[in-house]
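Throughout, protein chains are lettered first and strands after them, A, B, ... in sequence-line order, and every chain is numbered starting at 1.
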Amino acid sequence: MHYWLMKSEPNEASIDHLAHAPKKTLPWTGVRNYQARNFMRDGMQIGDGVLFYHSSCPQPGIVGIAKVSSAAYPDPTQFDPTSHYYDPKSSPEKPRWLLVDVRFVKKTPLIALATLRDHAELADMQVLARGNRLSITPVTEAQWRFITEHLV
DNA sequence: GCCAACGTTGGC
DNA sequence: GCCAACGTTGGC
């Protein structure tokens with residue numbers, strides 16, 4: 001069992017989109033970074049906890065809890081020439097990009113980025129690291145507990 | 001809109 | 001393999 005923080009732009013896929021999706025589940029399309037892909041491929045297991053984070057928006061921060069609900073499988077948007085996420089260098093025979101399904105658990109009050117930074121217990125969170133741009137980052141069990149027990 | 005930080009590309 | 005140029009992310 002591992003824990004993750006996954007960033008999403010709310011105008012693309014918000015916590016409300018997830019909550020109202022069929023089966024409360026969305027495929028996590030659009031990851032085009034090898035490190036983030038490798039986390040999904042090599043690190044994630046069904047049932048892993050996910051902190052759902054809104055980025056590139058007026059109030060960036062954690063807005064909900066979700067969980068990993070599938071193993072990694074090829075992201076279909078990489079094969080679709082009309083998709084923003086199309087990758088001409090990828091092929092169904094040799095898919096380059098993967099995704100996992102993510103299932104809604106609950107919404108939380110906004111835990112703003114500034115709030116995360118305020119807590120010494122979270123100082124080592126990868127998402128808070130200087131210059132971090134990864135859309136998927138691991139969260140330690142201690143960080144997960146602190147957030148879900150004290151900040152939610 | 002600005003800009004720091006980082007990843008990727010491609011020439012050599 | 002190096003590295004400059006370019007593109008992207010994402011907070012502010």
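- With hydrogens and angles left out, the side-chain atoms of A:S55 and A:R133 include no donor and acceptor closer than 3.5 Å.
- Distance A:R130 CZ to B:dC3 C1': 13 Å, rounded to the nearest Å.
- With respect to A:L5, the side-chain contact (heavy atoms from CB on, under 4.5 Å) criterion is satisfied by exactly one of A:L134, A:T137, A:L128, A:I136: A:T137.
- At C:dT8, none of the side-chain N or O atoms of A:K7 fall inside 4.0 Å of OP1 or OP2 (strictly under the cut-off).
- Residue contacts for A:E9: at a heavy-atom cut-off of 4.0 Å it reaches no nucleic acid atom on any strand shown.
- Rounding to whole angstrom units, CD1 of residue A:I62 and C1' of C:dG10 are separated by 16 Å.
- Rounded to a whole Å, the CZ atom of A:R37 is 14 Å from the C1' atom of B:dT8.
- A donor-acceptor pair under 3.5 Å links the side-chain atoms of A:S8 to the main chain of A:A13, judged by distance alone.
- Note: NE2 (A:H54) to P (C:dC12) measures 17 Å, nearest angstrom.
- In A:H119, the NE2 atom is crowded: over 12 heavy atoms of neighbouring residues, nucleotides or ligands sit closer than 6.0 Å.
- Atom pair A:D87:CG and C:dT8:C1' shows a separation of 15 Å (rounding to whole Å applied).
- For the helix from B:dG1-C:dC12 to B:dC12-C:dG1, the axis fitted to the five pairs at one end and the axis fitted to the five pairs at the other end meet at an angle of 10° (nearest 10 degrees).
- A:R37 contributes atom CZ, which lies 12.0 Å from atom CG of A:D75 (distance to the nearest 0.5 angstrom).
- When the C1' atom of B:dT8 is taken as reference, atom CZ of A:R96 falls 11 Å away, rounded to whole Å.
- At whole-Å resolution of the value, CE in A:M6 and P in C:dG10 are 13 Å apart.
- Between A:R96 and A:D87, at least one side-chain nitrogen of the basic residue sits less than 4.0 Å from a carboxylate oxygen of the acidic one, meeting the salt-bridge criterion.
- Here the side chain of A:K89 is nearest to one of B:dT8, C:dG11, B:dT9, namely B:dT9.
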Verdict with reasoning, A:Y73 to A:W97, per ring pair (Phe, Tyr, Trp, His ring centres under 6.0 Å)
CA-CA 8 Å; A:Y73 63 96; A:W97 305 112; over 10 Å; no

Atom pairs under 3.5 Å: protein N/O with N/O of nucleotides 4-7 of chain C:
from, atom 1, to, atom 2, distance (Å)
C:dG7, N2, A:R133, NH1, 3.4

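- Between A:P76 and A:L99 there is a side-chain heavy-atom pair separated by less than 4.5 Å.
- The closest donor-acceptor contact from the side chain of A:H54 to the backbone of A:I15 lies under 3.5 Å.
- Taking only side-chain nitrogens and oxygens, A:Y53 never comes nearer than 4.0 Å to OP1 or OP2 of C:dT9.
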